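Keep in mind it's a predicted model, so treat the numbers as computed, not measured. A note on names: the letters A, B, ... follow the listed sequences, proteins ahead of strands, and every chain is numbered from 1.
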Amino acid sequence: MPKIYTKEQLIARLREIRDMGWVKNARQGNVGGVGNTLEDLLGIEENNLPIPNASEWELKCQRSNTTSLTTLFHCEPSPTALRIVPSILLLKYGWKHDKAGKRYPLTEMSFRQTISGAIRSDRGFKVVIDRKDRKITISFDAKAVDPRQADWLDSVSNKVGLDELNPQPYWGFDDIYHKAGTKLLNTFYVLADVRKNSDGIEFFHYNRILKLTKFSIDGWLDSIEDGCLYVDFDARTGHNHGTKFRLKQNELPRLYKAIEEI
DNA sequence: GGTACCTGGAA
DNA sequence: GTTCCAGGTAC
């Protein structure tokens, strides 16, 4: 049974965990171990923060030494009925997976793109904010494709042509606002130092705890346009890992109107 | 069992 | 910093 906390008890427990210093990674070898271990220490189940108004709160945890982006949440683009990632992006704009014929079948395709609102990717993709129609769209511009992707561009030309995406994947402002409202309205953000012993056993020190409240949709849109917040497609033929919004390190407070170190 | 979602990283 | 990639769970 998961432990039930009041908000004050949860904060007190997080402080206790911070003051424990180094704790062993409970899921050695698993990249998600930093979050799993914290959940174990709290005695809670995954994605189920057992506090009052739990639906308004999120617990996010991150290695402080990582350069990787923070995944905020997943959300498949509209129109969802078209299943646009596996049916269009992967089939028409995908490429042969690096491990096709090795780990995967010869026919394995890949469509992995971390897409910015500030610059186009080398395959010509960009996130564009459409404030008039209140949506976040994905745009493709063949003219912006880097020469080193020329072979791939030829394949796109043969399969679907070089015009703008049709339809363009998008997320409505209201969709994002409501999604963020269920995932990011209030967040406990925990940063962990990492140490690995000579025997390869990994330890964490959960030494920084921030309480972030009051989600800001304007901060969200500005972060996209500034190139701090990315849309990340992540599909291969046998597994669509899903489309996610990912944030640069240390930028999470931009998405909130209030921040408090606890 | 397929889809959408979760946690992330290596070069 | 950009490109491309990973195992796992809820329903």
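Among the atoms of the strands shown, none is found under 4.0 Å from any heavy atom of Leu69(A). The residue Asp234(A) sits close to a base: some heavy atom pair falls under 4.0 Å. Note on Ser121(A): only backbone sugar-phosphate atoms sit closer than 4.0 angstrom, heavy atoms only; bases stay farther off. Asp146(A) comes within contact range of no nucleotide atom at all, as no heavy-atom separation falls under 4.0 Å.
Phosphate contact (OP1/OP2 of dA4(B), side-chain N/O of His74(A), threshold under 4.0 Å): absent. For the pair Tyr230(A) and dG1(C), the criterion of a side-chain N or O lying under 4.0 Å from OP1 or OP2 is not met. Side-chain N/O atoms of Arg83(A) include one lying less than 4.0 angstrom from OP1 or OP2 on dT3(B). Contact between the side-chain N/O atoms of Lys248(A) and the OP1/OP2 oxygens of dG1(C) is not found at any separation under 4.0 Å. The side chain of Gln149(A) places no N or O atom within less than 4.0 Å of a non-bridging phosphate oxygen (OP1 or OP2) of dT2(C). Look at Arg63(A) and you won't find any side-chain N or O under 4.0 angstrom from OP1 or OP2 of dT7(B).
For dC5(B) and dG1(B), the C1' atoms lie 16 Å apart once the distance is rounded to whole Å.
Per the geometry, CD1 belonging to Ile84(A) stands 12 Å off P belonging to dA4(B), to the nearest Å. To the nearest angstrom, C1' of dC5(B) lies 16 Å from CG of Asp175(A). Between the P atom of dT7(B) and the CZ atom of Phe204(A) lies a distance of 15 Å, rounded to the nearest Å. For the pair Arg123(A) CZ and dG1(C) C1', the computed distance is 17 Å after rounding to whole Å. Atom CH2 in Trp152(A) sits about 17 Å away from atom P in dT2(C), given to the nearest Å. A straight line from NZ of Lys183(A) to P of dA4(B) spans 17 Å, rounded to a whole angstrom. Taking atom CG of Asn240(A) as the reference point, atom P of dC4(C) lies 17 Å away to the nearest angstrom. Nucleotide dG8(C) holds its P atom 15 Å from the NZ atom of Lys244(A), rounded to whole Å.
For the pair Glu76(A) and Thr70(A), nearest-nucleotide mapping onto DNA chain B gives the more 5' position to Glu76(A). Looking at which nucleotide of DNA chain C each of Asp122(A) and His239(A) is closest to, the 5′-most match is held by Asp122(A). Comparing Cys75(A) and Asp232(A) along DNA chain B, the residue whose closest nucleotide (by nearest heavy atom) sits nearer the 5' end is Cys75(A).
Every pair passing side chain to side chain donor-acceptor pair (under 3.5 Å) that includes a residue from residues 116-128 of chain A is listed here, sequence neighbours excluded: Gln113(A)-Ser121(A), Arg120(A)-Ser139(A), Asp122(A)-Arg148(A), Asp122(A)-Gln149(A), Arg123(A)-Gln149(A).
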Would you mind writing out the side-chain donor-acceptor pairs for residues 166-173 of chain A within the sub-3.5 Å range, not counting sequence neighbours?
| residue | atom | partner | partner atom | Å |
| --- | --- | --- | --- | --- |
| Gln168(A) | NE2 | Ile138(A) | O | 3.0 |
| Trp171(A) | NE1 | Cys75(A) | O | 3.0 |

Compile the donor-acceptor pairs under 3.5 Å between side chains in residues 231-238 of chain A and protein atoms, sequence neighbours left out, one pair per line.
| residue | atom | partner | partner atom | Å |
| --- | --- | --- | --- | --- |
| Asp232(A) | OD2 | Thr114(A) | OG1 | 3.4 |
| Asp232(A) | OD2 | Arg246(A) | NH1 | 2.8 |
| Asp234(A) | OD1 | Arg112(A) | NE | 2.5 |
| Asp234(A) | OD1 | Arg112(A) | NH2 | 3.3 |
| Asp234(A) | OD2 | Lys244(A) | NZ | 3.2 |
| Arg236(A) | NE | Tyr104(A) | OH | 3.3 |
| Arg236(A) | NH1 | Glu108(A) | OE2 | 2.9 |
| Thr237(A) | OG1 | Met109(A) | N | 2.7 |
| Thr237(A) | OG1 | Met109(A) | O | 3.4 |

Which pairs would a plain distance check flag for residues 150-157 of chain A, meaning a side-chain donor or acceptor within less than 3.5 Å of a matching protein atom at least two apart in sequence or in another chain?
| residue | atom | partner | partner atom | Å |
| --- | --- | --- | --- | --- |
| Trp152(A) | NE1 | Tyr93(A) | O | 2.9 |
| Ser155(A) | OG | Trp152(A) | O | 2.6 |

Contacts under 3.5 angstrom, residues 210-224 of chain A side chains, donor-acceptor by atom type, not counting sequence neighbours:
| residue | atom | partner | partner atom | Å |
| --- | --- | --- | --- | --- |
| Ser216(A) | OG | Gly219(A) | N | 2.9 |
| Ser223(A) | OG | Gly219(A) | O | 2.7 |

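When side chains are defined from C-beta on, Ile259(A) does not count as touching Tyr189(A), because their heavy atoms never get closer than 4.5 Å.
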*Apply side-chain contact (heavy atoms from CB on, under 4.5 Å) to Asn25(A) and Phe203(A), showing your working.*
CA-CA 5 Å; Asn25(A) 181 357; Phe203(A) 292 81; over 6 Å; no
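In summary, the aromatic rings of Phe245(A) and Phe73(A) are positioned with their centroids under 6.0 Å apart.
Among dC6(B), dG8(B), dT2(C), the nucleotide with an atom closest to any side-chain atom of Arg246(A) is dG8(B). Side-chain proximity of Lys179(A) to the nucleotides dC5(C), dC5(B), dT2(C) is greatest for dC5(B).
One distance of note links CZ of Arg254(A) with NZ of Lys248(A); it measures 9.5 Å at 0.5 Å rounding.
Side-chain N/O atoms of His241(A) and base N/O atoms of dG7(C) include a donor-acceptor pair closer than 3.5 Å.
Residues of residues 93-114 of chain A having a heavy atom closer than 4.0 Å to DNA chain C, listed by number: Trp95(A), His97(A), Asp98(A), Lys99(A), Arg103(A), Tyr104(A), Ser110(A), Arg112(A), Gln113(A), Thr114(A).
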